[in-house]
Amino acid sequence: MRQSTLFGRTLREAPSDATTPGTRLLLRAAIARPLAAGLYTWLPLGFRVARKVEQIIREEQDRIGAQEIRIPVITPAEYWKETGRWDTLEPVTFRTRDHGGREYMIGYTHEELVMHHARSEIQSYRQLPAIVYHFQEKGRDEERPRAGLLRVREFVMKDAYSIARDFEELDRQYWAEHDAYARSFARMGLDAISVESDTGNMGGDVAHEFQVLTDVGEDRIVVCPSCDYRANMEKATRAPAPAAAAPADLPAYASIDTPDATTIETLERRLGLPARDFLKTLLLRDAEGSVVAVVLPGDRELNEAKLRKVLRTSAVKFASEADFTAAKAVPGYVGPVALRARTLVDASVEPRGYVAGANRKDTHLRDVVPGRDFRGERVDVHDVAAGDRCPKCGAGLAVRRGVEVGNIFKFGPYYADKMDATYLAEDGTRRPLMFGSYGIGIGRAVQTIIETSHDERGIVWPKAVAPFDAHVVALPSRDGAVPPAADALVAELESAGIEVLYDDREETAGVKFADADLIGIPLRLTVSARTLKEDAVELKGRRAENGTLVPRGEIVATVKELARP
RNA sequence: CGGGGUGUGGCUCAGCUUGGUAGAGCGCUUGGUUCGGGACCAAGAGGUCGAGAGUUCAAAUCUCUCCACCCCGACCA
């Protein structure tokens, strides 16, 4: 590929709204270009990377016996209505009608469609197990696209779907996919770890995410430094702190005056007590409008994902004024004592005396003892914090940020039950198709590679996904001998199966080298008057500081050996 | 959706407070010099100042409405 004709130019400066290093390099190195919020066009260099990432995933899916298919982007409403997701996905999907008025949506994912095909194709246990997958666009009307390709509104996903006879077979498929994912990410140069995750609006109960730990990630990941415990914050738990014995002789609770002290911070200052000595009581309402109070220690944060799970609801919001009145609570002074609301008490609340809101303006109560002065359902709805003890081994946990590059779900009969998808078992009974689904976002993977593999000069592509194997840079020369020599080298490399980006532009050495570093192809081959005089080619790895001269006669073999891992 | 911010040539930005000829650097074109780490000289091209309405003799600048994009929070690959 001649760089002089490459569609898409490199930028010396990144647009000012590009916030992460990967987004800046994505734009500067002409990998992709924005079209609208959350919509990106792949440029040739980026598209080549995307295709290599796809190919790695394809090979690993094929290796475990998955079969590639292709389901349309535009999907009819009727299948989504069978599972109820036509309604629940409404806020995050793109929809349209045909001229006959029939409803469709751009696939948000493809479980329903696979299940539809499976129930008609699969009649007998003899056809199981099966895994199908495809690479297909997903449309998600995200409320907030972010950071280049990390979160967009349309993206290609490799989504695989496993269909099994029973839980055991599903379990084997699940772990086969888990391993295929681990191999895929490793091959594309991503250091991804698998963590336990919440299932969100996908349904089902067992799920893992593959997370790449990096500061630009949106997810908070709890990692144990001494054992293999890793979990998304939405799911993470901790070993309970040693239960402090409740002092037997605590006095009955009593009012204290706390004018204008509506936050834990104010109370800490005012009363000279640490945040953990307070109880904060949050009045919330779920998607159906039911009100619930959640009691947490003052130093703990509510984990909404956990709470949604406990409440079996899709959204949790703060309570309205009317809700406060009905619960006999006062904003800023909510407390669990004599509160008229369903009360959930977080597991981190200990059996001891606390300061809590009195449900009266400007008043708190001291010596409030859980169990004695109020009751509630015990639940785990708090965020794990750095330093909490690992639920597996007791070591101090760390909290990191991560990019979710893939996830896997074990649904069991969840979809089959809703869609009446059964097969005839060996014993003559009808049984539900056991289902699992597995997704990798291609664009997100590509940008995550950039986020985690670059230096101050540009991208450093892993060999397996680099847009080209080698970057031949022909420097300008007076005698006109360089271009034909470089042409010949490129032709020879290409006929040896090497993918070459050939910088044949009339630019100075500085510009060419800067672009080569920015684009980040693993091997750089320089042809110049200087190298011709030595009958050699300068070879430099992307990370190397200096190149070395390789005799012209050996260069093709040398590159061939270095190019492929 | 809530909160915040920004829209001026392809990119980075100045100009706006205090209304009066639309600017700089980079990039682009042409010619010349240079030639191994983002060269130099000269001459050019390129802008409905996000859109619409209003105020005014006069609007990039003031007012209103709308739009787009970015960032922070709740969801996901």
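Chain letters run A, B, ... following the sequence lines, proteins first, then strands; residues in each count from 1.
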So [X], base contact, sugar-phosphate only, or nothing? Heavy-atom distance under 4.0 Å.
X      : answer
A:A514 : base
A:L475 : base
A:V152 : base
A:T20  : nothing
A:D159 : nothing
A:P476 : base
A:A445 : nothing
A:V405 : sugar-phosphate
A:R524 : base

Taking the [atom1] atom of each, how far is [N] from [M], in whole Å?
N      : M      : atom1 : result
B:rG23 : B:rC67 : P     : 33 Å
B:rA42 : B:rC69 : P     : 42 Å
B:rG46 : B:rG7  : P     : 25 Å

_Is it the case that the ring center of A:F185 lies less than 6.0 angstrom away from the ring center of A:F210?_
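Ring centres of A:F185 and A:F210 closer than 6.0 Å.
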
Just checking, [X] and [Y]: is the charged tip under 6.0 Å from the six-membered ring centre and within 45° of the axis?
X      : Y      : answer
A:K81  : A:Y79  : no
A:K138 : A:F155 : no
A:R2   : A:Y502 : no

Every protein N/O lying under 3.5 Å from an N/O of nucleotides 71-74 of chain B:
{"residue": "B:rC71", "atom": "OP1", "partner": "A:T19", "partner atom": "OG1", "Å": "3.4"}
{"residue": "B:rC71", "atom": "OP1", "partner": "A:A147", "partner atom": "N", "Å": "3.4"}
{"residue": "B:rC72", "atom": "OP2", "partner": "A:R144", "partner atom": "NH1", "Å": "3.1"}
{"residue": "B:rC72", "atom": "OP2", "partner": "A:R144", "partner atom": "NH2", "Å": "2.8"}
{"residue": "B:rC72", "atom": "N4", "partner": "A:R144", "partner atom": "NE", "Å": "3.4"}
{"residue": "B:rA74", "atom": "O3'", "partner": "A:R308", "partner atom": "NH1", "Å": "3.3"}

To the nearest angstrom, how far is [X] atom [atom1] from [N] atom [atom2]?
X      : N      : atom1 : atom2 : result
A:E538 : B:rG37 : CD    : P     : 11 Å
A:R9   : B:rG10 : CZ    : C1'   : 5 Å
A:F7   : B:rG10 : CZ    : P     : 16 Å
A:I221 : B:rA77 : CD1   : P     : 13 Å
A:D515 : B:rC26 : CG    : C1'   : 14 Å
A:L150 : B:rA77 : CG    : P     : 14 Å

_Counting only Watson-Crick pairs (N1-N3 plus N6-O4 or O6-N4) and G-U wobbles (N1-O2, O6-N3), all under 3.5 Å, who is the partner of B:rG10?_
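Answer to the pairing question: B:rC26, which forms a Watson-Crick or G-U pair with B:rG10.
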
*Looking at RNA chain B, which of residues 27-45 of chain A put a heavy atom within less than 4.0 Å of it?*
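Listed by number, they are A:R28, A:A36, A:A37.
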
*asked:* With the six-membered base ring of B:rG36 as reference, does the ring of A:F513 sit under 5.5 Å away with planes under 30° apart?
replied: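 It does not: the two rings, one from A:F513 and one from B:rG36, miss the stacking criterion.
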
*How about A:D215: does its CG atom have over 12 heavy atoms from other parts shown lying under 6.0 Å from it?*
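No, the 6.0 Å shell around CG holds no more than 12 heavy atoms from other groups.
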
*Counting only side-chain N and O atoms of A:R12, is one of them less than 4.0 Å from OP1 or OP2 of B:rG38?*
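For B:rG38, OP1/OP2 do not have a side-chain N/O of A:R12 under 4.0 Å.
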
*asked:* Looking at B:rA39, I'd like to know if its phosphate oxygens (OP1 or OP2) sit under 4.0 Å from a side-chain N or O belonging to A:T508.
replied: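 The answer is yes; a side-chain N or O of A:T508 sits under 4.0 Å from OP1 or OP2.
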
Check nucleotides 23-25 of chain B for protein N or O atoms closer than 3.5 Å to its own N or O atoms and list the pairs.
{"residue": "B:rG25", "atom": "N2", "partner": "A:E13", "partner atom": "OE1", "Å": "3.3"}

_Residue whose nearest RNA chain B nucleotide is more 5′ - A:A14 or A:E507_ =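 That would be A:A14.
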
*Does a distance-only test, which skips hydrogens and angles, find a donor-acceptor pair under 3.5 Å between the side chain of A:T526 and the base of B:rG36?*
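Counting by modelled atom types and ignoring angles, no donor-acceptor contact under 3.5 Å is found here.
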
*Ignoring hydrogens and angles, are the base of B:rC76 and the side chain of A:N407 linked by a donor-acceptor pair under 3.5 Å?*
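Absent.
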
_Rounded to the nearest 0.5 Å, what separates atom CZ in A:R542 from atom NE2 in A:H471?_
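Rounded to the nearest 0.5 Å, the CZ-NE2 separation comes out at 11.5 Å.
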
